[in-house]
Number of protein chains: 2
Amino acid sequence: MGPTVEETAIRSLLADSGWSQLPQACLEDVLAAGTIVQLAQDDVLPGRVAIVLQGVIGAFRGDDLAQAAVTALYFPRDLIELDDLPDDGVDMLVAMRPAQVLSLPASALHAAMHKHAPLAQEVLTRVKRQAHDLREHVAELTGKAPEHRLASFLIWVSEVTDPTGDQLSFELPMRRYDMARYLGMQPETLSRKIKALLATGAISLRTPSNMVIEDREALVSLARSARRAA
Amino acid sequence: MGPTVEETAIRSLLADSGWSQLPQACLEDVLAAGTIVQLAQDDVLPGRVAIVLQGVIGAFRGDDLAQAAVTALYFPRDLIELDDLPDDGVDMLVAMRPAQVLSLPASALHAAMHKHAPLAQEVLTRVKRQAHDLREHVAELTGKAPEHRLASFLIWVSEVTDPTGDQLSFELPMRRYDMARYLGMQPETLSRKIKALLATGAISLRTPSNMVIEDREALVSLARSARRAA
DNA sequence: CGCCGTGTTGAGTAGACTCAACCCCAGTGG
DNA sequence: CCACTGGGGTTGAGTCTACTCAACACGGCG
């Protein structure tokens, strides 16, 4: 039984990120242990260990999903590793849009890490990187005004959703409501800030969810400015 | 040459957390590779890998230290592991008060992790735990009002600074200014919120930096309430 | 004693929040 | 074919509160 079409697609997806540095046998073990899960929007991810293949997965925190905080975003190729953590039932992984993930039993990942040292190294590097990104996000939340956070977010999304292209046109991978919660503001405020950005000509919208960056320079300089800077 | 007084102290410090699960030889290797560094307040930690022994280390992010964001706090027994990360020169580790750390060369930690599998496991667990705490902090910043964040912070600090005692009386391990930046508010706002808490009788101050929790229940219920909850 | 770092208080403003109404569009069913 | 419906998004008006800037209080130290 040869590799299925899906497996081939996964291999090519993982080929250009850190995963590709791993020995072939290691990747095979991971693929063999995992199952591909299709998620509709707002579906909760079963399990707490996975690799994102398509779409965006959000880490929600709060009793009620409808008004929970969005604390982190996982894009394709990202590793989700939330086992071994105190689970008081308030953390959930939810698909922001229809998504596809490679779900892994925590035990399978641990076994593979034990067997393949490079995999263990890669996992540690990724988790460290995620912690770093979270610190950066905290810095934005505590030190930047809403419009600056928005500009920063748009640049980030444009880079990760279109890593090969010119990064000027891209799809917003989630609802306004979820964007607003991730950015720590109200949906109405987000809407007004987007409107303001449109007015300056820095961005434009082809459709409500398809954005074009017209003036990356302006956006970057907005993203860089701190709250109390002139 | 037997262990110095300091080394004995370190061993007892690490004895009651996850570190104690490690084999003795592993701890010895780490201790041998590290150097104990004394830091005065506002000193920048040289290197990017360390274990906190005394005091609190803050992760700052921003060009200018004076108005950088405080993104994370490291308490005694915590592992600081910031190597391998994109270092654009805007991340710094600073002592919030006079502190003592066991500074390790990144290469030494890597070597020890390679040699001792349990250490590698422990490091991964700790980094995952830190990422989890950061997500929790993000949730607070995006979803809670300043007074709720303050209540939550005080409970947290009381637990980590006095893990053995009754956790009702403790030292605030940093300046108001740094607390405010960590909590995403202005020093003036923080001052007013503390004043408000004092007025309710939930807390009291023996000295400006020595706090007593008078009514933990009230504080906990404050910390739990979300922004838009009644 | 005066200085400096730190923290608090006061007054005024700007900006995010709240609540409500409205728009737009895709899906649905008569 | 078209009214109906509901989710998602935007707009508007008013309120509230955190921010800003300035002055002041306090304690340690030269």
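Each chain gets a letter, A, B and so on, in the order its sequence line appears, and its residues count up from 1.
B:His137 places a side-chain N or O within 3.5 Å of a backbone atom of B:Tyr182 that can act as its donor or acceptor partner. Proximity of a side-chain donor or acceptor of A:Arg149 to a complementary backbone N or O of A:Leu183 within less than 3.5 Å is detected. Not a single donor-acceptor pair under 3.5 Å links the side chain of B:Thr71 to the backbone N or O of A:Ala139. Judged by distance alone, with hydrogens and angles left aside, the side-chain atoms of A:Arg176 form a donor-acceptor pair with the main-chain N or O of A:Pro208 at under 3.5 Å.
Residues from residues 147-156 of chain B placing a heavy atom under 4.0 Å of any atom in DNA chain D do not occur. Taking a 4.0 Å limit (strictly below) on heavy-atom distances, residues 205-212 of chain B does not reach DNA chain D anywhere. Across residues 191-198 of chain A, A:Ser191, A:Arg192, A:Lys195 each have a non-hydrogen atom less than 4.0 Å from an atom of DNA chain D (numbered order).
Minimum atom distance to the side chain of B:Arg176 is reached by C:dG7, of the listed C:dG10, D:dG12, C:dG7.
For D:dG8, the OP1/OP2 oxygens have a side-chain nitrogen or oxygen of A:Arg175 closer than 4.0 Å. A sub-4.0 Å separation between OP1 or OP2 of C:dT6 and a side-chain N or O of B:Gln41 is present.
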Evaluation steps, side chain to side chain contact (heavy atoms under 4.5 Å, CB included), between A:Leu45 and A:Val37: CA-CA 9 Å; A:Leu45 187 105; A:Val37 178; 5.8 Å; no
Full working for side chain to side chain contact (heavy atoms under 4.5 Å, CB included) between B:Met96 and B:Tyr74: CA-CA 10 Å; B:Met96 310 297 258; B:Tyr74 298 93; over 6 Å; no
Sugar-phosphate or base contact per nucleotide [nucleotides 24-30 of chain D; S, B, -; heavy atom under 4.0 Å]: -------
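The aromatic rings of B:Phe75 and B:Trp156 sit perpendicular to each other, their planes meeting at more than 60°, with 30° as the lower class boundary.
Per the geometry, CG belonging to B:Leu190 stands 12 Å off P belonging to C:dT9, to the nearest Å. Across the protein-nucleic acid pair, A:Leu183 atom CG and C:dC17 atom P stand 11 Å apart, rounded to whole Å. Whole-Å rounding puts the A:Tyr177 OH to C:dT18 C1' distance at 13 Å. The separation between A:Met185 atom CE and D:dT17 atom C1' is 18 Å, rounded to whole Å. For B:Glu188 and D:dT17, the CD to P distance is 18 Å, given to the nearest whole Å.
Within 3.5 Å, no donor on the side chain of B:Gln186 pairs with an acceptor on the base of D:dC21, nor the reverse.
Between A:Thr189 and B:Thr189, the one whose closest nucleotide on DNA chain D sits nearer the 5' end is A:Thr189.
Pairs engaging residues 65-75 of chain B under the salt bridge (charged side-chain N to carboxylate O under 4.0 Å, His left out) rule: none recorded [sequence neighbours left out]. Pairs engaging residues 193-210 of chain B under the salt bridge (charged side-chain N to carboxylate O under 4.0 Å, His left out) rule: B:Glu147-B:Lys193 [sequence neighbours left out].
A salt bridge between A:Asp78 and A:Arg129 is absent, with no side-chain N of the basic residue lying under 4.0 Å from a carboxylate O of the acidic one.
Contact check for B:Glu171 versus B:Arg97: no side-chain heavy atoms found under the 4.5 Å cut-off. Looking only at side-chain heavy atoms (C-beta outward), B:Asp83 and A:Lys128 come within less than 4.5 Å of each other.
In this structure, OG1 in A:Thr142 is found 9.0 Å from CD in A:Glu140, a value given to the nearest 0.5 Å.
Checking each of B:Leu39, B:Val44, B:Asp178, B:Asp43 against B:Val94 for a side chain to side chain contact (heavy atoms under 4.5 Å, CB included) leaves exactly one that passes, namely B:Val44.
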